[in-house]
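Here's the structure, in structure tokens; my notes come after.
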Amino acid sequence: MQPYIPTALLAAVQSHMAPLDWLMIALYFGVLLGVASWVVRKNKDTTADYFLAGRNLGWWVIGASIFASNIGSEHIVGLAGSGAKDGVALAHYELHAWCLLVLAWVFVPFYMRSQVFTMPEFLERRFSVGSRYVLSIVSIVTFILSKIAVGIFAGGIVFATLLPEMSISFGTPKPFSSDQIQEPDTMIKSMQEGSTPLATAIWSRFSEDSRQALAAGQASSDQQKTVLAAELNRILKSEDLQKIEIGATPLRATTLKALHGEPARTEYVNRLLLEDAFPKQVAKAIHEIDSFWIGSIAVILLTGLYTVVGGMRAVAYNDAVQVVVLIGGSAVLTFYGLHKLGGWGELRQVCGSDMFNLWKPLVPVGQTASWAPIKEFNASGAIIKQAWYFNNNFPWLGMAICAPVIGLWYWCTDQYIVQRALGAPNQKVAREGSIFAAFLKLFPVYLFIIPGLICYALVKKNMIPEMTAAFTEKGSQGAFPMMVQYLLPAGLRGIVVAGLLSALMGSLAGVFNACSTLFTVDIYEKLRPKASQSELVRMGRLATVVMVVIALMWIPVVKNAKGLYEYLQSVQGYLAPPIFVVFFFGVFWKRLNKQGCFWAMVVGFIVGIFRMAVDTPVTLGLFKEYEHGSFLWIINNINFQYFSILITVVSAVVMVGVSYMTAEPNQPQIQGLTFATATADDKALTRASWNWLDVLGSVVIMIFIIGAYLYFTG
């Protein structure tokens, strides 16, 4: 007889992937493999070809690659999860298509004239070698802690949601010993109070003498452990543990598979059930690598295969294929979701005006604002009064000031994005590619955030009980793959899953290539100026492997964060401001010099790393929070966007102050690298590179952006 488990729980851990889905996935990846093979045959073993695709990418490939690199892990999984949790709040970041227009019209001329490989290389030409090294190191750190770690984590989320039953277990059941029992008091209390149906059932199977001995509270800790181990060993060898009502007890996928295996191994299953009943009190004999980690590692291996071999060209052309499938598949998913729910009007009604409001108040409704660094709670634990700068519910002030700073840094100065534009043969192609990427950037709000809202609405109305059970168990992070799993028909589901996985891989592939470029060109080549082209390419590949290993070690921090997308934005909010300051001030203000640039980045990064160091122990759960009212408690509670604004102001003050306290920059060195020092020939070349179609396209994009800001107001 099998144990009683609610149908919804079983449905939540069973895959909905049909054979037709797997066929479509195989066909899709066959196409990508064909594209990658074609690219590899065209590759040359030179740095220009490996890192910038020989500087001959077309405008449509550049635009598609910029977009595909951006919408990988954090957007597909993170944005939908954010939509299901917070509504359209984070659409601010997705309406930054205008930042790509700044890249196209402001920065492309400077980058293309300088013919640089990397952003740190451009900073060296504008300021100094020291600035280049600082930016290179910080950029690599940012890539590892945000883009690589988040990409790997998102791949794990997709696998855990779509293929929850995939796991690898190892170990054999062994008798319990007293030293395998931890926190015996907690374990006894759990059974006595019936924390789960399984714990209650186990307690009922203890002998009367053991229950009395443990309940009396007179036994020492060692005596408790001895009694508990003896009783668990007796239960381990019994045959009735599989017959109890498990109810809502959380069970691992390994346990569920074992329960429904044929034939069920009694002692093995009993051991798994006992481990699940007391996950923190009983040492595990049966260990499991679940679908999350299998998916994370699989994404790394598959991505690394074509990134390391094919370089930038393989990344760009595969991105172009992925964009078509991902946009089409996400549009179909949105349509199916709205059709199931009952239309756009029903979505707005179920979600409410607050989830459709981009402009959140400085302090949530029902709370009192304070300038003093305080948090006050009512009897139920809800906040009733707090410092306005503690509010983390995406207040409009942070979105209006901080979000553009992060957006302009990301789209105009980040190697990960700009590297695609650097692969263009001239200004015209680079600009057109950036404008095309801005057009594509209009879609994520409707293709990723809205499906998250649809998922929330479907769960709220309990229209798909299986999805409600999965959402309740796993939370909002898996909203997008849940929609794919429970709404789409076989075949179409496979295509969207393939596009989803390939987009996750595309995002990682882009950052792998950007990381290897930064390390090789900005660090290794400086240390070994006589290195051959093949040696540089080889070191770039090795650097990618090392960075991936470091990112894998950082995943627990991402996994414990409040939300995938919020984690990403907070890390970028701490590290991006000084880069934004030195690039934008450097291009528009010719008086600023190398000393100002260097110290602005050093001071700004120190402040940002300090905030990350304060946040990380709490995020990892090493302790709940700092002492209430202490300096570190205040720092940890300040909204990350407001802290990002503070870093921006500090960096700007340092850059201007130090620059004016030291000598003016060498004018010949900055020739053509600022607006004030651009020559007449430079300006004429730029003017000849655009026409009225480029202007019209940019205006249309701005109209759509302004329209979205006006519509999403609650």
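The figures that follow rest on heavy atoms only: side chains count, while hydrogens, waters and symmetry mates do not.
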Taking [atom1] in [X] as the centre, count heavy atoms belonging to other residues, nucleotides or ligands within less than 6.0 Å. Is the count above 12?
| X | atom1 | answer |
| --- | --- | --- |
| Glu208 | CD | yes |
| Phe377 | CZ | yes |
| Lys340 | NZ | no |

Mind checking whether Trp633 and Phe390 have parallel, tilted or perpendicular rings, split at 30° and 60°? perpendicular

Looking at [atom1] of [X] and [atom2] of [Y], how far apart are the two atoms once the value is rounded to the nearest 0.5 Å?
| X | Y | atom1 | atom2 | result |
| --- | --- | --- | --- | --- |
| Leu23 | Leu27 | CG | CG | 4.5 Å |
| Asp615 | Met612 | CG | CE | 8.5 Å |
| Tyr456 | Leu341 | OH | CG | 12.0 Å |
| Leu333 | Leu447 | CG | CG | 9.5 Å |
| Gln485 | Glu466 | CD | CD | 8.0 Å |
| Met483 | Phe448 | CE | CZ | 12.5 Å |

Within the 4.5 Å heavy-atom criterion, are [X] and [Y] side-chain neighbours or not?
| X | Y | result |
| --- | --- | --- |
| Ser221 | Lys225 | yes |
| Phe471 | Leu458 | no |
| Ile495 | Asp21 | no |
| Leu338 | Ile454 | yes |
| Ser330 | Phe480 | yes |
| Met191 | Phe206 | yes |
| Trp203 | Leu214 | yes |

Can you list the steps and then say if Thr226 with Gln224 is a side chain to side chain contact (heavy atoms under 4.5 Å, CB included)? CA-CA 5 Å; Thr226 300; Gln224 289 176 330; over 6 Å; no

Shortest non-hydrogen contact from [X] to [Y]?
| X | Y | result |
| --- | --- | --- |
| Ala479 | Ala80 | CB-O, 3.8 Å |
| Leu232 | Ile181 | CD1-CD1, 3.9 Å |
| Gly83 | Leu453 | O-CD1, 3.3 Å |
| Arg234 | Ser207 | NH2-N, 3.7 Å |
| Leu488 | Val332 | CD2-CG1, 4.3 Å |
| Met24 | Gly494 | CB-C, 4.2 Å |

Among residues at least two apart in sequence or on other chains, which ones pass ring pair (Phe, Tyr, Trp, His ring centres under 6.0 Å) with His339?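 Not a single residue meets the ring pair (Phe, Tyr, Trp, His ring centres under 6.0 Å) criterion with His339.
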
By ring pair (Phe, Tyr, Trp, His ring centres under 6.0 Å), which residues pair with Tyr626, not counting sequence neighbours? Phe623

Would you mind listing every salt bridge (Lys or Arg N to Asp or Glu O under 4.0 Å) that reaches into residues 452-462, with sequence neighbours excluded? Glu346-Lys461

Pairs in or reaching into residues 475-486: which pass salt bridge (Lys or Arg N to Asp or Glu O under 4.0 Å), with residues at least two apart or in two chains?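 Non-adjacent pairs meeting salt bridge (Lys or Arg N to Asp or Glu O under 4.0 Å): zero.
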
Can you see whether Gln367 engages Gln386 through a side-chain donor-acceptor pair at a distance of less than 3.5 angstrom? yes

Listed by chain and number, what are the side chain to side chain contact (heavy atoms under 4.5 Å, CB included) partners of Pro395, not counting sequence neighbours? Leu362, Asn391, Asn639, Gln641, Tyr642

Should Asp185 and Lys189 be marked as a salt bridge (charged side-chain N to carboxylate O under 4.0 Å, His left out) after you check the CA-CA gap, both sets of side-chain angles, and the distance that decides it? CA-CA 6 Å; Asp185 287 333; Lys189 184 178 179 181; over 6 Å; no

Quick one: does any side-chain atom of Ser190 pair with a main-chain N or O of Thr186 as donor and acceptor, under 3.5 Å? no

Side chain Asn233, main chain Ala229, donor-acceptor under 3.5 Å: yes

Over-ring placement of Arg611 relative to Phe640, 6.0 Å and 45° cut-offs: no

Contacts of type side-chain hydrogen bond (donor to acceptor under 3.5 Å, both in side chains), residue Thr200, not counting sequence neighbours: none

Take Tyr574 and Ile609 through the test side chain to side chain contact (heavy atoms under 4.5 Å, CB included) and record every step on the way to the result. CA-CA 7 Å; Tyr574 300 149; Ile609 293 294; over 6 Å; no

What's the verdict on salt bridge (charged side-chain N to carboxylate O under 4.0 Å, His left out) for Lys360 and Asp354, showing C-alpha distance, side-chain angles and the deciding distance? CA-CA 8 Å; Lys360 306 286 188 182; Asp354 186 60; 3.5 Å; yes

